[in-house]
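From a predicted model like this one, the values you see are computed outputs, not experimental measurements.
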Amino acid sequence: MIRQVFLIARRDFLQRARSKAFLASMLVIVGLVLVMGPLLSLQNRAPSPYDIGVVGIEPDGLDASLHSAVRLFDRRAVIHRYESLTVAEEALDGGSVDVLLVDDREVVWVEEADPQLEAVVAAAFGDIDRRKVMAELGLTEEEASRLLSPAQQRDSSTLQEPDPDADAKKFAAYAGNVVLYISILMFGQFVLMGVMEEKSSRVVEVVLSRAQPRHLLAGKVLGIGALGLIQLVVLMAAALVTLSMADIVDVDVGALGFRTAGIVLSWFLLGFAFFSVLYAGLGATISRQEDLQGVAMIPVLFLLPGYFISFIALENPDALVARIASIVPPLSPLVMPIRTIAGSVPAEQVVLAVVLILAATYGIIRFAGRVYRGSILRIGAKVRLREAWRAARADE
């Protein structure tokens, strides 16, 4: 029995793995994931400094006020001075400077003002004006500094220590959830199409002369499931490489990546085991291409609610609907991983979710196995589930 299941699994694995469409899509997806690393790295680079042009009358303390104001936005300022207005305007029009300060008061832009830089210039001139007023009032340097210094910050605290990796975890949970949904859907449909194609071409009749229906079903699920698992491992490795290239500050990419990958792979196995058997049983009821789309939508009706609820879990992992859906199959393969990655889930809830999805998988194996056995050899019109069930019972 084990040898038969292994040979069938090997045949289905190699048949799909050698497909040009599968290999091409795999290369494209991995390539896109790897390209994201340099792009994220460019996004995480420090912003370029503001180039500020100055011409004509210059107020005292302009440099200090500009540098102080621009630091509020975590930027730097490079100040360029010009001898004539004509040369300064040419520099502004040519992009050498971002803004031009003319004769102490006039601010010149190329087209539209940059809101952040406009706030920097306004803050700098406001600081200069306050210093002038204080000088006119005869205040000493110490008194002026006390008035200009920012208000003293009051002590603040939180009841719970904030998680510095919260945003990174949410991103990892979102990405892992999308990959998980697509993988279960794609490889489940591979099982469906494989069963239908073998039935319509009558290849299954030859295979069943040497193997039992349950062995054929198990081999097909194992073979395509192994291919899906390998693809996920490759994608996770590519994602880990691209996140390492992104150089995200204050985030342990390695620990977060391996944790996310482990959770996604574990729930892929659990979710695929459930849905692939369902796909196989439904695929055995059809032998015509025109019936494929209608049958393929049935498992999707079970997948979509979990996928949508997972976004609620992403924003609030402890929401009531998220907690219930993360335990109840067949919603749990998509909701529990995102709760586990993005938040903290009690161990007993995870164990309960695993036990329930395994129990549900056993039930669907019994159901789909009987439907598969009762309909796999019936060519032509779509076989009703009730007819397949009765046919399998009659053969027992």
Side-chain angles (χ1 to χ4, degrees), residues 169-192 217-218 221-222 224-225 228-229 232 259-283 294-372 385-386 389:
K169 287 180 179 178
K170 287 184 69 173
F171 175 79
Y174 173 78
N177 186 59
V178 172
V179 171
L180 190 59
Y181 172 75
I182 293 175
S183 298
I184 292 176
L185 186 65
M186 179 172 68
F187 288 98
Q189 291 188 356
F190 279 176
V191 174
L192 172 67
L217 175 62
V221 169
L222 289 174
I224 296 178
L229 186 63
L232 270 181
R259 177 175 178 269
T260 301
I263 293 171
V264 170
L265 291 174
S266 299
W267 280 101
F268 168 77
L269 292 175
L270 293 169
F272 179 78
F274 179 91
F275 284 99
S276 62
V277 175
L278 179 59
Y279 271 115
L282 294 172
V295 169
M297 281 302 298
I298 296 176
V300 176
L301 296 177
F302 293 99
L303 270 172
L304 279 178
Y307 182 68
F308 290 133
I309 294 174
S310 68
F311 290 103
I312 299 176
L314 181 65
E315 295 301 324
N316 185 6
D318 294 323
L320 179 61
V321 65
R323 282 184 288 150
I324 294 174
S326 65
I327 295 173
V328 177
L331 307 177
S332 55
L334 290 174
V335 183
M336 181 56 82
I338 209 166
R339 282 191 66 209
T340 309
I341 297 170
S344 179
V345 182
E348 59 269 19
Q349 292 186 20
V350 178
V351 172
L352 179 59
V354 172
V355 170
L356 289 179
I357 190 64
L358 289 175
T361 301
Y362 175 77
I364 203 70
I365 287 173
R366 295 291 301 270
F367 170 78
R370 176 164 288 191
V371 170
Y372 185 90
L385 294 178
R386 183 178 298 178
W389 185 272

Nearest 0.5 Å please: distance from the CG atom of Asn316 over to the CZ atom of Arg323. 9.0 Å
Do the ring planes of Tyr174 and Phe311 sit parallel (below 30°), tilted (30 to 60°) or perpendicular (above 60°)? tilted
Assess the residue pair Trp267 and Val354 against the criterion (side-chain contact (heavy atoms from CB on, under 4.5 Å)); give the C-alpha distance rounded to whole Å, side-chain angles, the decisive distance to 0.1 Å, and a yes or no. CA-CA 9 Å; Trp267 280 101; Val354 172; 4.1 Å; yes
With a 4.5 Å limit on heavy-atom distance, are the side chains of Phe190 and Ser276 in contact? no
Which pair of heavy atoms, one from Gly271 and one from Ile184, lies closest together, and at what distance? CA-CD1, 4.0 Å
Quick one: does any side-chain atom of Ser183 pair with a main-chain N or O of Leu180 as donor and acceptor, under 3.5 Å? no
Sequence neighbours excluded, which residues qualify as side chain to side chain donor-acceptor pair (under 3.5 Å) partners of Tyr362? Arg366
In Å, rounded to the nearest 0.5 Å, how long is the span from CD of Gln189 to CD1 of Ile224? 11.5 Å
If you look at every heavy atom in Leu232 and Phe268, which pair is closest and at what distance? CD1-CG, 3.3 Å
Going by the side-chain contact (heavy atoms from CB on, under 4.5 Å) test, name the single residue among Asp318, Ile327, Val350 that passes it with Val345. Val350
Using the rule given for side-chain contact (heavy atoms from CB on, under 4.5 Å), can you reason through Ile364 versus Phe275, listing the C-alpha separation, both sets of side-chain angles and the distance that settles it, and then say yes or no? CA-CA 9 Å; Ile364 203 70; Phe275 284 99; over 6 Å; no
Less than 4.5 Å apart, any side-chain heavy atom of Pro337 and any of Ile263? yes
Return the minimal non-hydrogen interatomic distance between Thr361 and Phe274, and the atom names on each side. OG1-CB, 3.7 Å
Less than 4.5 Å apart, side chain to side chain, heavy atoms only: is that true for Leu331 and Ile324? no
Distance, nearest 0.5 Å, that separates CG of Leu278 from CD1 of Ile365: 11.5 Å
Heavy-atom closest contact (Ala173 atom, Ala342 atom, distance): CB-CB, 4.0 Å
What heavy-atom pair brings Val300 and Tyr279 nearest, and what distance separates the two atoms? CG2-OH, 4.0 Å
Would you say Val191 and Phe272 make side-chain contact, with heavy atoms under 4.5 Å? yes
Roughly how far, to the nearest 0.5 Å, is CG of Leu314 from CD1 of Ile309? 14.0 Å
Distance from Leu303 atom CG to Ile298 atom CD1, nearest 0.5 Å? 13.0 Å
Report the distance from atom CG of Leu229 to atom CZ of Phe187, rounding to the nearest 0.5 Å. 9.5 Å
So, for Ile357 and Pro329, which heavy atoms are closest and what is the spacing to 0.1 Å? CD1-CB, 3.5 Å
